[in-house]
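Encoded as structure tokens, the structure appears first; notes follow it.
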Amino acid sequence: MIDSVIDFLAPYTFLIVGAVKAVIIAIGLLSSVPLLVWLERRLMGRFQVRLGPNRVGPFGLGQPFADSLKLLFKESIVQNSADKFLFYLAPAVVVFTAIVTFSLIPFGKPFEIFDQKIGMWVANVNVGILFVFAISSMGIYGIVLAGLSSNNKYSLMGGLRSSAQMISYELTLGLAALGVIMITGSLNLQEIVDAQKTVPNILLQPLAFVLFYIAGVAETNRAPFDLPEAEQELVAGFHTEYSGMKFAMFFMGEYINMITMSALITLLFLGGWHSYIIPVPDLLFIGPLLVFSVKVFILLCILIWLRSTFPRIRYDRLMTFGWKILVPLAMLNLMVTSVFIVIF
Amino acid sequence: MAVSEQGLLERNKETMTLNMGPQHPSTHGVFRVILEMDGELVNTSEPEIGYLHTGIEKTSEAKRYSHVIPMTDRLDYLNPPGNNLAFCLTTEKLLEIDIPKRAQYIRVMMCELARIGSHLLWLGTHALDIGAMTVFLYAWREREMILDLNELISGVRMMTSFIRVGGVAQDAQPEWLKGVRDFVDYLPDKVDEYERLLTNNPIWMDRTQGVGVISREEAINYSLSGPCLRASGANWDFRKKRPYSSYEEFRFDIPVYRNGDVFDRYKVRIDEIRQSREIIVQALKNLPEGPYKAEDSKVSLPPRETLKTSMEALIHHFKLSAEGFKVPRGEAYVPVEGPRGEVGFYIVSDGSVIPYRVKLRAPSYMAIPGMCKMMEGCFIADVVAVIGSVDIVMGEVDR
């Protein structure tokens, strides 16, 4: 009986494994958002000579959970003048694209268990990096729709700003990543990491790393490029009219994007799960995962550090900076890289 | 044909009216400005005030002179000693009494501490408006010490009401003087720290230099005063030009900058923090001994210990407490230099114990038209920077 069930299911193992992985990764990702919020608030507290949340649970770890519980029970207000359908759709688009983007991120070496080779990712797409860019740029729709459907001038300006900003910085992002793709010769994220076994790309492509990091900060709408939600000018930008869980979804989307962007930088430039100076044993999947997580963690801390240090750039300067400095530099990087590839 | 095309263009040039405030995170209280926007650029701006109306000026016409002082605290709530001083100096001018040196020095110290506190709060909120979060909390850390010093000397953190007609409420205690000394020793490092975070920061310079420019002539024509005027190149400070309360005995510089933009207003205030510190250091060093209030029992209460031995002291105490002091008929205006500019009370006395009319010359109120001038042609992000750089306090705008 059992044998026949196993025989029946055998061809579908990949489906079951895939589903289990997807669920585990989605849950892990969603539960790391409150932790990241906690980390940000605690770190910012330390930067700013205050304590940060420390009342709920040990070290205030319960604070983000308490906050999300509060948001869950808050009344969800939709003003009469809003376009209801788009208003409800926008936060869903933001969270959906954020989660789907992360499904393409490999965060460890494949390992074998019960004669099954299991990869540490939900999907291993041959054109992985292209797919990541494609899906993550769909997140703009969420923000633009939120700005448009709210029928509020501040929201509208936030939405417009963010669409302009994300489109211009995506160009730099793509051009910077192209350098890495050229030296690796593959669009597959796993192969890009494997190519960095001995030397991480940051040493080969330092300029591309800096450009990618700056554009990545802009792409995730983080300070000093947090213009779409510049609270001092635009109240709260595109999510001014949102409350309760819908607001929390925008919040969640932003933090997932932070994690995705840091993971992407780790994969493209920092050698993913390879550790360089200190040897780390594999231990099934724990070793590589740990190395990967530490790198992502450090990048996230730098994002938070940036936020507490810099003032916000003005909108027109942001565009000038993007088009007149970052894009030409990225082009230059691309040219130099291709010349080197041809010569050597 | 050309004309109609022109007309078509005019009609197609759509502008957006954007209402900013009174509930907006960066309009510093309840200031409201209606902006006519062309995209992200401001065409015209129209200020609207009155959301914080308190009726303090009118209420003053029903209160005795000594009872007006606590209300003046609430006008410019970041500079209570300055407001007290302006009111007391004017009243004292009508009364024609002399103030002991020690009281004058304590007044100067209180005012300069308040100036530092006000500038620190301004720096924090202004930086926060431009997006630099951390400076905000750093500045508030130092301001907290000033509030503690206020509490030590007067029992109140903000609304001190410490300066009274005839002198100050109490003598300066040794603990307070020690606290002030510690504070002025501690402050310079911290001011350097703010400058390290902001002055040479390219983003900060980008956001502030050449933004919200107002020329010297315009600044004078728009009746700007204080740091806004000095940032435009006009060297005008009442502490130097018409010294009051012994300011002529202190050595200090008046920081003046030329460009009249947001950055220069920032530099003026940062320099003023350092200069105010110099004044406090000198005041601490040269603090004279003597009484802390005028020994004219018609105006200030007689010493407590004399009440049981002197009949006259008891009578004065009773009269002053129950009736107040009569101020001779006349009118007077004595301006002082507050953190935001010229503060002065124009007082008309009809010879009774209650002022006939009290009119405040509020620097924030006077700065609003000039501020709207600065906004024109700016980006919406600059509007916030301009409002922050002018440093308005709505408490004294709507009174």
Side-chain angles (χ1 to χ4, degrees), chain A residues 40-41 43-52 147 151-165 214 217-218 221-237 240 303-321 324-325, chain B residues 15-21 23-28 34-35 37 39-42 124-142 144 190 193 196-199 201-211 262 266 378-388:
Chain A
E40 169 156 34
R41 292 179 63 181
L43 264 186
M44 295 266 288
R46 296 287 152 172
F47 285 134
Q48 298 171 345
V49 289
R50 57 194 175 87
L51 290 172
N151 198 9
N152 174 323
K153 286 168 186 168
Y154 289 108
S155 302
L156 181 67
M157 286 174 92
L160 288 178
R161 274 183 180 191
S162 100
S163 54
Q165 171 182 340
I214 294 173
V217 175
N221 289 339
R222 291 285 303 176
F225 304 106
D226 56 343
L227 297 168
E229 48 194 299
E231 64 173 27
Q232 280 77 23
E233 308 139 39
L234 299 184
V235 189
T240 307
L303 274 181
I304 295 164
W305 185 19
L306 286 178
R307 180 174 171 204
S308 57
T309 308
F310 286 118
R312 184 179 305 112
I313 289 178
R314 205 173 65 193
Y315 176 69
D316 61 320
R317 299 290 178 162
L318 177 93
M319 300 309 266
T320 321
F321 184 62
K324 290 195 179 161
I325 299 175
Chain B
T15 53
M16 179 171 83
T17 311
L18 188 69
N19 175 42
M20 207 168 180
Q23 278 115 0
H24 186 282
S26 318
T27 50
H28 290 246
I34 300 159
L35 303 167
M37 310 279 304
E40 289 237 352
L41 286 168
V42 178
T125 50
H126 181 45
L128 188 67
D129 285 346
I130 296 186
M133 252 176 119
T134 304
V135 181
F136 173 69
L137 287 140
Y138 284 5
W140 280 60
R141 172 184 60 190
E142 273 72 70
E144 192 64 27
K190 299 298 162 188
E193 192 177 344
R196 269 204 301 281
L197 271 167
L198 296 177
T199 306
N201 183 329
I203 302 179
W204 178 264
M205 281 155 66
D206 201 50
R207 283 298 304 273
T208 53
Q209 283 178 346
V211 170
V262 175
Y266 155 78
C378 280
F379 283 86
I380 183 165
D382 295 335
V383 169
V384 171
V386 167
I387 295 177

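What's counted below: heavy atoms across the whole structure, side chains too, no hydrogens, waters or symmetry copies. Below, chains carry the letters A, B, ... as their sequence lines are ordered, and counting in each starts from 1.
- Side-chain contact check for A:Arg50 versus B:Arg141: every heavy-atom pair is 4.5 Å or farther apart.
- Closest non-hydrogen pair, A:Tyr154 versus B:Asn19, comes out as OH-O, 2.7 Å.
- We find the CZ-CG distance between A:Phe310 and B:Leu197 to be 10.0 Å, quoted to the nearest 0.5 Å.
- Nearest heavy-atom pair, B:Tyr138 versus A:Phe47, reported as atom, atom and distance to 0.1 Å: OH-O, 2.9 Å.
- Here the shortest heavy-atom pairing between B:Asn201 and A:Thr309 reads ND2-O, 4.5 Å.
- A:Pro311 pairs with exactly one of B:Ile130, B:Asp129, B:Leu128 by the side chain to side chain contact (heavy atoms under 4.5 Å, CB included) rule, that one being B:Ile130.
- Using a 4.5 Å heavy-atom cutoff, the side chains of A:Met44 and B:Met133 are in contact.
- How far CZ of A:Arg161 is from CD1 of B:Ile380: 7.0 Å, rounded to the nearest 0.5 Å.
- Nearest heavy atoms, B:Arg207 versus A:Arg312: NH1-O, 2.9 Å.
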